[in-house]
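Written below as structure tokens is the structure these notes are about.
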Amino acid sequence: MHYLSRYFKHSLVIIYLIIFTFLLASKLINQPTPFYDWDESIYAQVGREMVKNKSIVPLWQGQIWLDKPPFVPLFYGLVLNSTQFVMPEISMRLATLMLALIVLAMIYWLYYRITKDVFISTLTVILTSTTSIFLQRSQVGNIDVFLLLGWLGYLTFYKRRVIAFLFLTVAVMSKSLVGFYPIAIMLAYYFYLFYSKKIKKKELLAEIKIMLIQSGILLLWYVFMLIKYGRAFFIQHIIESHAKRVTASIESHFGKRTFYIDILFEHFGIYSWSALFGFGLIIYQWFKKLLKIDEVLYASYLLPWFLFLNLTKTKIFWYGYPYIPQIVFLMFYPLTIIKKYLARPIYIGVCLIIAGLLIKNYFVDKKVYAKQYSSYEDYHRVAQYARDRCDKLYVLVEPNEREAKATLKKMDLLITTSLWWGNHPSMVYYFGRDIEYVYTIDRWSEVMNATERSSCLVVSEEDKLLVPLSNTQTIIKYGNFYLFRFIKDYV
């Protein structure tokens, strides 16, 4: 009975999560769409190759991909391999949705531990789950849901060392050095406890020792990769994928200095200012000893990530995924003060009205759950049509993309793998064989002189004159894309 009453207490969020999951899962099952450019199709293809080649190192068209750790693509590869009776676009996305559901449950529990208020915690979950960035990351294959899962899990189970370590492993093996974020936060927390004389030196050293052991075990992967791949791993994984993203707007990811702040106002409008008031309220209550330091930790755990992002030069909207629940919680936190001045029935009524308005706005009026993030495009059709007709594809990247990449190269804003993906990396997954994306006319001329008679060429409408008709033939045209094949008996 005790367990039943406890679950009944949290029934509001449970009901919401069930409805949220049902709506999104129904859409994913009944309206499957091709894998999303960019990251989703890349992780699907890399995961498929890892499983096929029994590799624990990410592979893209047979090449070692050193940018990312192996966990996410391997996870998706195993999902696809073990659910071959289901469309891959469904199984992979349902797996992501289940992870997002766990993340939402952890968000609820984290903020319930601070407020002991089911309504504030539930409102935080509702508004977080309906933001465009969270909805997208809940329905397409991505790294960010794994990262946030690892971060939240580490804090939630910190005292249960083995479980906490497993969550830390998920974070680090998904997003690499960024995954160590919880370690940095907890070290700062325990140093504060020590210098404020809340714990003794012995306790501080014990906690540091545990975190060093956890981190040391995971750092062995970096040692292994450095030994095996040497300078290539250091350049691609450490310099390009980490340091360069902080110091430069690599790969066209430009944006204003206020990029990540602007994301908040795009999502929440003027209500974003209430988060500033909520944070000020937390600081005030802490100084007045109305909040304990561990409650301040829980209440602001993800805030340093938001502050850090505003210092980085590379601007990508999905980097904001982990701080969205933090800002939403701060927006609702002032309700803890309003609660004191209202009779409980009135307070409950106010919270239920807010929840109802949120649900009506996002699910009834805007129908945010119905949004699709990809569609069946002409380049998908070309890739699938060529699958059984060509041994290899040479894809001449569209003129505007060629020009953009040439400009970025001059500005030193490309990394080793920037030219791997083309404009549409999903073509690799749907073609199922080797594709070379060609970025220069010089390289295209070399391709024209190649002796491979079983290869095919893909060009856009703007570039069709770059394919000599004397030794090629048109196989098919889909929209803006032409598929050519070399004439086999051409001499």
Side-chain angles (χ1 to χ4, degrees), residues 23-52 58-61 65 72-73 75-100 132-133 135-145 317-318 368-390 392-393 395-398 401 420-437 456 458-461 475-483:
L23 287 175
L24 266 61
S26 298
K27 185 193 76 173
L28 294 177
I29 293 170
N30 295 319
Q31 303 173 40
T33 58
F35 284 127
Y36 178 74
D37 284 330
W38 279 56
D39 289 4
E40 184 181 39
S41 59
I42 293 173
Y43 297 137
Q45 176 63 23
V46 172
R48 181 166 68 178
E49 291 191 40
M50 290 177 72
V51 171
K52 180 180 178 181
L59 300 170
W60 173 260
Q61 298 202 84
W65 186 34
V72 173
F75 172 87
Y76 284 132
L78 292 172
V79 167
L80 296 178
N81 189 64
S82 60
T83 57
Q84 296 183 33
F85 52 91
V86 180
M87 285 183 64
E89 294 86 352
I90 294 176
S91 60
M92 184 166 158
R93 288 167 177 165
L94 286 179
T96 303
L97 178 59
M98 293 304 104
L99 293 175
S132 59
I133 186 172
L135 280 167
Q136 195 233 32
R137 298 283 99 177
S138 298
Q139 299 176 70
V140 302
N142 67 93
I143 281 180
D144 306 284
V145 68
F317 83 93
W318 59 76
V368 292
Y369 61 90
K371 180 176 174 58
Q372 294 286 11
Y373 300 99
S374 67
S375 58
Y376 197 52
E377 305 289 350
D378 295 328
Y379 53 84
H380 294 129
R381 295 182 177 91
V382 168
Q384 290 177 322
Y385 187 86
R387 188 177 189 126
D388 298 323
R389 294 170 173 83
C390 310
K392 182 176 181 176
L393 284 184
V395 179
L396 182 59
V397 176
E398 290 96 315
E401 181 67 9
W420 284 19
W421 322 114
N423 248 9
H424 310 293
S426 59
M427 290 181 71
V428 175
Y429 182 88
Y430 289 104
F431 178 56
R433 302 184 186 186
D434 290 343
I435 292 181
E436 179 184 335
Y437 293 100
C456 296
V458 177
V459 298
S460 62
E461 182 76 38
I475 303 179
I476 198 84
K477 179 182 185 293
Y478 283 118
N480 192 48
F481 295 92
Y482 287 85
L483 177 66

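What's counted below: heavy atoms across the whole structure, side chains too, no hydrogens, waters or symmetry copies.
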For [X] and [Y], indicate whether the former's side chain and the latter's backbone hold a donor-acceptor pair under 3.5 Å.
X    : Y    : value
Y76  : N142 : yes
S460 : N480 : no
R433 : C390 : yes
N30  : S26  : yes

- Query: L24 pairs by side chain to side chain contact (heavy atoms under 4.5 Å, CB included) with which of T96, V368, L97?
  - Reply: L97
- Between H380 and the options Y430, F481, Y429, Y478, the ring pair (Phe, Tyr, Trp, His ring centres under 6.0 Å) test singles out Y430
Identify the heavy atoms of [X] and [Y] that sit nearest to each other, and give their distance.
X    : Y    : result
S91  : V79  : O-CG1, 3.8 Å
Q84  : N81  : NE2-O, 3.0 Å
W60  : I42  : CZ3-CA, 3.9 Å
L393 : A386 : CD2-CB, 4.0 Å
P73  : V46  : CB-CG1, 3.6 Å

- Task: Measure the shortest side-chain to side-chain distance between Q139 and Y36 over non-hydrogen atoms and say whether it is less than 4.5 angstrom.
- Result: no
- If we only count heavy atoms from C-beta on, is the Y369 to K27 side-chain gap below 4.5 Å? no
- Message: Taking side chain to side chain contact (heavy atoms under 4.5 Å, CB included) as the definition, give me every residue that meets it alongside D37, ordered by chain and number, with sequence neighbours left out.
- Response: S41, Y379, H424, P425, S426
- Partner set under side chain to side chain contact (heavy atoms under 4.5 Å, CB included) for I90, not counting sequence neighbours: I29, P32, V86, M87, L94
Could you tell me the separation between the [atom1] atom of [X] and the [atom2] atom of [Y], rounded to the nearest 0.5 Å?
X    : Y    : atom1 : atom2 : answer
F431 : Q61  : CZ    : CD    : 9.5 Å
E40  : S374 : CD    : OG    : 6.5 Å
L135 : K371 : CG    : NZ    : 10.0 Å
M50  : L78  : CE    : CG    : 8.5 Å
K477 : L483 : NZ    : CG    : 12.5 Å
M92  : L80  : CE    : CG    : 6.0 Å

- Message: Do T33 and Q31 pair up side chain to side chain, a donor and an acceptor below 3.5 Å, judged on atom types alone?
- Response: no
- Message: Quick one about Q45 and R48 (side-chain donor to acceptor, distance below 3.5 Å, no hydrogens or angles considered), yes or no?
- Response: yes
- Show your reasoning for whether side-chain contact (heavy atoms from CB on, under 4.5 Å) applies to Y43 and F35. CA-CA 10 Å; Y43 297 137; F35 284 127; over 6 Å; no
